[in-house]
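Written below as structure tokens is the structure these notes are about.
Hydrogens, waters and symmetry mates are skipped; everything else that's a heavy atom, side chains included, is used.
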Amino acid sequence: MERIIGIDLGTTNSCVAIVEGGTPVVLPNKGGYKTTPSVVAVSENGKRLVGHIAKRQAITNAGNTVFAAKRLIGRRWNSPAVRTMVDTMPYTIVEGPNGDPRIKLRDRVYSVPEVGSIILQEMKMIAEEYTGEKIEKAVITVPAYFNDAQRQATKDAGRIAGLDVVRIINEPTAAALAYGFGKEVDKTIAVYDLGGGTFDISILQISNGVFEVLATAGDTFLGGDDFDGRIVMDWLVLEFAREHQIDLRRDKMALQRLRDAAEKAKIELSSARETEINLPFIISTGGSDALHMQKTLTREKLEQLTVDLVERTIKICKKTVEEAGEPIDDVLLVGGMTRMPIVQQKVREFFGKDPLKGVHPDEVVALGAGIQGAALLEDSQSVLLLDVTPHSLGIMIVGGFFSVLIPQNTTVPTSKSHIFTTVKDNQTSVKILVLQGESERAEENELLGEFILTGLRPAPKGEVEIEVTFEINADGIVSVSAKDLETGQQQAITVTATSGLTEDEIKHMMEENREYLVDVRTNEELEMHRVSIQRSVMEIDRIFPKVRTVLEGSDFGQEAIRKAEGVLERARRALDGQDVAALKTANEQLSRTLNMFRGVVQKIG
């Protein structure tokens, strides 16, 4: 049975869901948790670690443990967000060959989509274990305010993980889908989504199974990590430096311990009024001396440190609600950060109503993605999504200005054409710079790509007409074409190269990942047989003396004993090796021997 899974690839945690028997369900990982930390590490022996196991060793292996990689995806090396990450992250971020940021773990450099693919692969494996089926297709969610490069990079991460990404959908839209699923809803809702690394606000109209986004906005570098950073950098590090004249930022392990403690304190303060941050031996002063950190963080202090971040989200909400132009019936809170009391208070004050209860902020996005996956599989007409482009799209025109062809908050898919003319006499070619953003100045917007239309007829300026057409598909990915109206000559680009990976690199990474999956699955099979063999050997050893006294009196019995000893010897040899086939054979032989021994023991009572 073909399935399309829904994946919420989060900054802090990731989550996978399917629709089973008409009900959307979040799938638990091996540990029974419904969310998996979006953390990837490489251990000292070169082993790749993902999720809880990677997060648990982050303090002792800070330089080789990646978290919050989603904040880097699809960005350029010289962007302010990347510069901030380079300065504050304990792991090493380097410039890639295509002007993209990459991450160095041990002796290998990983692209950001590759790190994302490792987490997506983990989600795929969780779904495969739960369903017992091979999973090949997925709907993946992204922040609504992600630009074209970030969406494309997320799609590349899916491909590297061995997934056909049938649709990229916006996180607030997915949350609204989960909220409205199976209900008779006729409302305008605001989805306030504050996660670990990003913020989105979307206003949607829901009626008769149609989910229409009226307006969306956000900030792709504003989330829980910034709140943690305020506790660490603006309070703990400064206070410690004031007391001891030591800068803890220079010690990777100390900084990781501070981050860990800050995150736990922030979570605790959602229900408590104050919490203790107690970190013994935070740093050595040389010799046998060590310094300790013991602080009490109150909710009031936390709010004082972070209130401006919450105000930033409200400012974005104000502009978006004005653009939507509809009264809001309900407010939906999504993302772990919305558990913070000051966030709930500010949202309540701004919208003038209590946010809805009964929606799980960590799981609702994955559930919505799962619902969309099921709807695409069934080609269902019961759910119709009408999303919008979060950024204006256009080209650079003479004077360095930005000419918008598709305005922000236009429903997608869409296409739009506009006719431009040459600006110089005898101009025979034109360079088209494709941009995304809201500034009137071209240079202040995101460059998505560029191409050149050649072979224009030499003529006075303004005489040759060029038609530029923009198209945005349902995933929010852009393609652009330019046509000389006189000759019909055309040039086109799909803006896909901006994820920082070439097609050859993606194919190479897909192949590497396939090999890794074979390796992981083989290791799991080895471990499974090993555990089973060890258990059987222990039980046979325990009952062998009893069986020996019964069987050694006859020739048949002595032959059976010799065979059992041979089976045990081969099993012990197989345990020392790495041969799956040998372990499997030994396991089967041990199972038969054990059954025979149990039968003998039963007879003698």
- Item | Donor on one side chain, acceptor on other, Gln304 and Glu300, under 3.5 Å | no

- Rounded distance [0.5 Å steps], NZ in Lys70 versus OG1 in Thr220: 10.0 Å

- Query: Judged by modelled atom types alone, do Arg106 and Asn61 share a side-chain donor-acceptor pair under 3.5 Å?
  - Reply: yes

- Item | Ile73 vs Phe146 side-chain heavy atoms within contact, under 4.5 Å | yes

- Message: Please tell me whether Asn445 and Gln436 have a donor and an acceptor in their side chains that are separated by less than 3.5 angstrom.
- Response: no

- If you measure from CZ on Arg75 to CZ on Phe221, what distance do you get to the nearest 0.5 Å? 6.0 Å

- Message: What I'd like to find out is whether the side chain of Gln294 reaches to under 4.5 Å of the side chain of Ile277, using heavy atoms alone.
- Response: no

- Query: Do any N or O atoms from the side chain of His360 and from the backbone of Asp362 form a donor-acceptor pair under 3.5 angstrom?
  - Reply: yes

- Give the C-alpha distance, both sets of side-chain angles, the deciding distance and a yes or no for salt bridge (Lys or Arg N to Asp or Glu O under 4.0 Å) between Arg151 and Asp475. CA-CA 8 Å; Arg151 288 167 192 272; Asp475 292 331; over 6 Å; no

- Message: On a heavy-atom basis, which atom in Gln344 and which in Thr338 lie closest, and how many Å separate them?
- Response: NE2-O, 2.9 Å

- Could you tell me whether the side chain of Gln408 reaches within less than 4.5 Å of the side chain of Pro390, counting heavy atoms only? no

- Message: Just verifying a value: how many Å separate Glu363 CD and Leu27 CG, rounded to the nearest 0.5 Å?
- Response: 10.5 Å

- Item | Lys55/Glu263 salt bridge by N-O under 4.0 Å criterion | yes

- Out of Val26, Leu177, Val25, Val359, which residue meets the side-chain contact (heavy atoms from CB on, under 4.5 Å) rule with Leu367? Val26

- Is there a donor-acceptor pair under 3.5 Å between the side chain of Lys252 and the backbone N or O of Ala62? no

- Message: So does Asp100 get a backbone contact from the side chain of Asn98, meaning a donor-acceptor N/O pair under 3.5 Å?
- Response: no

- Short side-chain to backbone donor-acceptor contact, Glu114 and Ser111, under 3.5 Å: yes

- Query: Passes side chain to side chain contact (heavy atoms under 4.5 Å, CB included), Val66 versus Leu105? Steps please.
  - Reply: CA-CA 8 Å; Val66 183; Leu105 299 178; 3.5 Å; yes

- Query: Would you say the side-chain atoms of Arg339 pair up with the backbone N or O of Ser270, donor to acceptor, closer than 3.5 Å?
  - Reply: no

- Item | Residue pair Glu274 / Thr298, side-chain donor-acceptor N/O under 3.5 Å | no

- Message: Tell me the closest heavy-atom pair linking Arg71 and Asp226, and the distance in Å.
- Response: NH2-OD2, 2.5 Å

- So, Asp193 side chain and Phe199 main chain: donor-acceptor pair closer than 3.5 Å or not? no

- Quick one: does Asp330's side chain have a donor or acceptor within less than 3.5 Å of a partner on Ile189's backbone? no

- Message: Against the six-membered ring of Phe240, is Arg242 placed for a cation-pi contact (under 6.0 Å from the centre, within 45° of the normal)?
- Response: no

- Message: Apply salt bridge (Lys or Arg N to Asp or Glu O under 4.0 Å) to residues Asp228 and Arg259 and explain how you reach the verdict.
- Response: CA-CA 7 Å; Asp228 297 349; Arg259 282 179 191 283; over 6 Å; no

- Task: Check the angle between the aromatic planes of His391 and Tyr145 and answer parallel, tilted or perpendicular using the 30° and 60° thresholds.
- Result: tilted

- Message: Measuring from atom CG of Asp200 to atom CG of Leu222, what distance do you get when rounded to the nearest 0.5 angstrom?
- Response: 10.0 Å

- Query: Do Ser38 and Ser14 get their side chains close enough for a donor-acceptor pair, meaning under 3.5 Å?
  - Reply: yes

- Message: What I want to check is whether the side chains of Tyr91 and Thr65 have a donor and an acceptor closer together than 3.5 Å.
- Response: no

- Item | Contact check, side chains of Ile203 and Thr188, non-hydrogen atoms, under 4.5 Å | yes

- Item | N/O donor-acceptor pair under 3.5 Å between Thr198 side chain and Leu194 backbone | no

- Among side-chain atoms of Ser392 and Glu438, is any donor-acceptor pair under 3.5 angstrom? yes

- Task: Taking all non-hydrogen atoms of both residues into account, name the closest pair between Leu204 and Val191 and its distance.
- Result: CD1-CG2, 3.7 Å

- Query: Nearest 0.5 Å, what's the CD-SG distance between Glu311 and Cys317?
  - Reply: 11.0 Å

- Got a donor-acceptor contact below 3.5 angstrom from the Asn13 side chain to the Thr35 backbone? no

- Item | Which atom of Pro143 lies closest to which atom of Asn170, heavy atoms considered | O-OD1, 4.0 Å

- Item | Side-chain (Arg230) to main-chain (Leu305) donor-acceptor, under 3.5 angstrom | yes

- Query: Where is the tightest heavy-atom contact between Ala157 and Gly116, given as atom of each residue plus distance?
  - Reply: CB-C, 4.1 Å

- Query: Are the side chains of Ile246 and Ile283 in touch, meaning some heavy atoms are under 4.5 Å apart?
  - Reply: yes

- Among Val237, Asp260, Leu248, Leu238, find the one that has a side-chain contact (heavy atoms from CB on, under 4.5 Å) with Val232. Val237

- Test item: Ile371 and Pro24 side chains (from C-beta on) under 4.5 Å apart, heavy atoms: yes

- Item | Cation-pi, Trp77 ring and Arg83 (6.0 angstrom, 45 degrees) | yes

- Item | Residue pair Ile316 / Asp219, side-chain heavy-atom distance below 4.5 Å | yes

- Query: Given side chains that start at C-beta, do those of Glu446 and Leu435 come closer than 4.5 Å, heavy atoms only?
  - Reply: no

- Message: Once rounded to the nearest 0.5 Å, what's the spacing between atom CE of Met123 and atom SG of Cys15?
- Response: 7.5 Å

- Task: State, to 0.1 Å, how close Ala174 and Ile169 come at their nearest heavy-atom pair, and which atoms those are.
- Result: CB-CD1, 3.7 Å

- Going through the checks in order, is the side-chain hydrogen bond (donor to acceptor under 3.5 Å, both in side chains) test met by Thr36 and Asn29? CA-CA 7 Å; Thr36 300; Asn29 59 25; 3.0 Å; yes

- Decide, yes or no, whether a salt bridge links Glu268 with Lys264 under the criterion of side-chain N to carboxylate O below 4.0 Å. no

